Amino acid sequence: MATEVKERSVPKPTFTDAEAGAKEFPSWQSRSYNYFTPRKRRATVYEDVTIDVQPDPARHLSQGWVYAFADGVGGYPQEWTALKSSNWHEFLDPNEEWEQTIYRNNANVVRQIGQNIEHGRLAHAYAAFDPAWVKVLERHVFAWAHAEHGIGMHVYTPAQRDAPTNMINNAMAVGAVHKLRFAQDLILYNLALSEEIDGFDGSVHKATWQEDPVWQPTREFVEKLTGTRDWAEQWFATSIVFEPMIGELFRSGFVMQVAALHGDFVTPTIMGAGESDAAREQRGARVLFRMLTDDAEHGAANREVLNGWLAEWNAVAENAARTLQPIWSQISEKVVRFEDSLERSQTRQRALLEDIGLAQEVTA
């Protein structure tokens, strides 16, 4: 016997032609329609997948933000930085990074580093490392992984959410990925050396980062960055102050200069990957802060804010850089003077500052 199915009295949907997709607009059938004007004749894939992907009431989102925080603030407030822009959407990452390029580029870097470490093992290169250099490696070179991880996980990762456009968020998120990958590159290399060098202490880098006096001002800089709530200040202090004054000073000004003379041809190739990552983040930072100092309405105020940040963070950086000086004396072949390395870092920072329109003299 068939069971009678009663029709439930649920409300019937009524279409009003106001739903998404119902309205026809000019060029709606054109496959070349764009919400933005490409920088060149045709939009790049980077522009297609980043520009206007994050909706903004200032562009196309006519009903306002669709969500808000508990205090009533919605979306991506421009007040989350002291800097101002007439058009935040003008920033485009010169590296044109997007999801697929992040995976592809980092996979290539990881593959190359893995091959370099394996070639060193097959050639028995690690046994030829100078014993004094091995002590510097296990204590100081691997302590650097903590600086990279701290900035990647606790500075760039939260800061990218606070920026007001998808293009800025994307550039900072890529920076976070690079920092975390490079920290892991160093730790995996540490594990390889622990297996290849007799007596190698693969865990002393943690105590060095937490307790060695030469690293405490650098650690203080990183932890001070994590406690800063202005996303633009975090990016500025990292790319324009920390990287040239401390990061490049240690990676390029020390490790890459002295490793080969101590029988180590592998570590410079790994440090070089970190240098390349930092250079990419600096290219993006240079374009963003130049845009803000050139802003017709807010440029003067932005330069004043940036010069204030520069004076504050440079003082911390110079103290951290000079406290690292004893490491330069812990190697057998003293081929580079600390003062020469520091001078190169200061010159690099001056060039960066000139590029973004800040003329403040750097002293150290």
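What's counted below: heavy atoms across the whole structure, side chains too, no hydrogens, waters or symmetry copies. Remember, it's a predicted structure, so these values are computed and weren't measured experimentally.
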Do [X] and [Y] have side-chain heavy atoms sitting under 4.5 Å apart?
X	Y	value
Gln257	Ser341	no
Leu188	Val110	no
His89	Met167	yes
Trp313	Glu233	yes
Phe182	Met271	yes

Inset, instruction - Indicate, with yes or no, if the rings of Tyr126 and Phe200 have centres closer together than 6.0 Å. - result: no

Inset, instruction - Compute whether any side-chain donor of one residue and acceptor of the other, for Ser203 and Asp201, lie under 3.5 angstrom apart. - result: yes

Inset, instruction - Could you verify whether a donor N or O on one side chain and an acceptor N or O on the other, from Trp215 and Thr208, lie under 3.5 Å apart? - result: no

Inset, instruction - Check step by step if side-chain hydrogen bond (donor to acceptor under 3.5 Å, both in side chains) holds for Arg322 and Gln325. - result: CA-CA 5 Å; Arg322 290 197 173 279; Gln325 183 173 12; 5.2 Å; no

Legend entry - With Glu343 via side-chain hydrogen bond (donor to acceptor under 3.5 Å, both in side chains) - residues at least two apart: none

Check whether any side-chain N or O of [X] sits under 3.5 Å from a backbone N or O of [Y] as a donor-acceptor pair, and report yes or no.
X	Y	answer
Thr157	His154	no
Ser345	Pro244	yes
Arg251	Gly272	no
Gln54	Pro164	yes

Which of parallel (below 30°), tilted (30 to 60°) and perpendicular (above 60°) describes [X] and [Y]?
X	Y	value
Phe69	Trp80	tilted
Phe289	Phe236	perpendicular
Trp235	Phe91	perpendicular

Inset, instruction - Output every pair passing side-chain hydrogen bond (donor to acceptor under 3.5 Å, both in side chains) with a member in residues 160-174, not counting sequence neighbours, ordered by first then second residue. - result: Tyr67-Arg161, Asp162-Arg229

Legend entry - salt bridge (Lys or Arg N to Asp or Glu O under 4.0 Å) partners for Glu97, two or more places apart: Arg280

Inset, instruction - List in chain and number order the residues that pass salt bridge (Lys or Arg N to Asp or Glu O under 4.0 Å) with Arg139, two or more places apart in sequence or in another chain; answer none if no residue qualifies. - result: Asp212

Legend entry - Verdict with supporting geometry, Asn302 and Thr293, side-chain hydrogen bond (donor to acceptor under 3.5 Å, both in side chains): CA-CA 6 Å; Asn302 287 337; Thr293 57; over 6 Å; no

Inset, instruction - Compare every heavy atom of Asp52 with every heavy atom of Phe36, then report the nearest pair and how far apart it is. - result: CB-OD2, 4.0 Å

Inset, instruction - May I ask you to list the residues sharing a hydrophobic cluster with Leu180, side-chain cutoff 4.5 Å, ordered by chain and number? - result: Met153

Legend entry - Transitive ILVMFWY cluster of Val174, excluding itself - 4.5 Å side-chain cut-off: Ile102, Val177

Inset, instruction - Would you kindly confirm whether Val336 and Trp144 end up in one hydrophobic cluster when ILVMFWY residues are joined by side chain heavy atoms under 4.5 Å apart? - result: yes

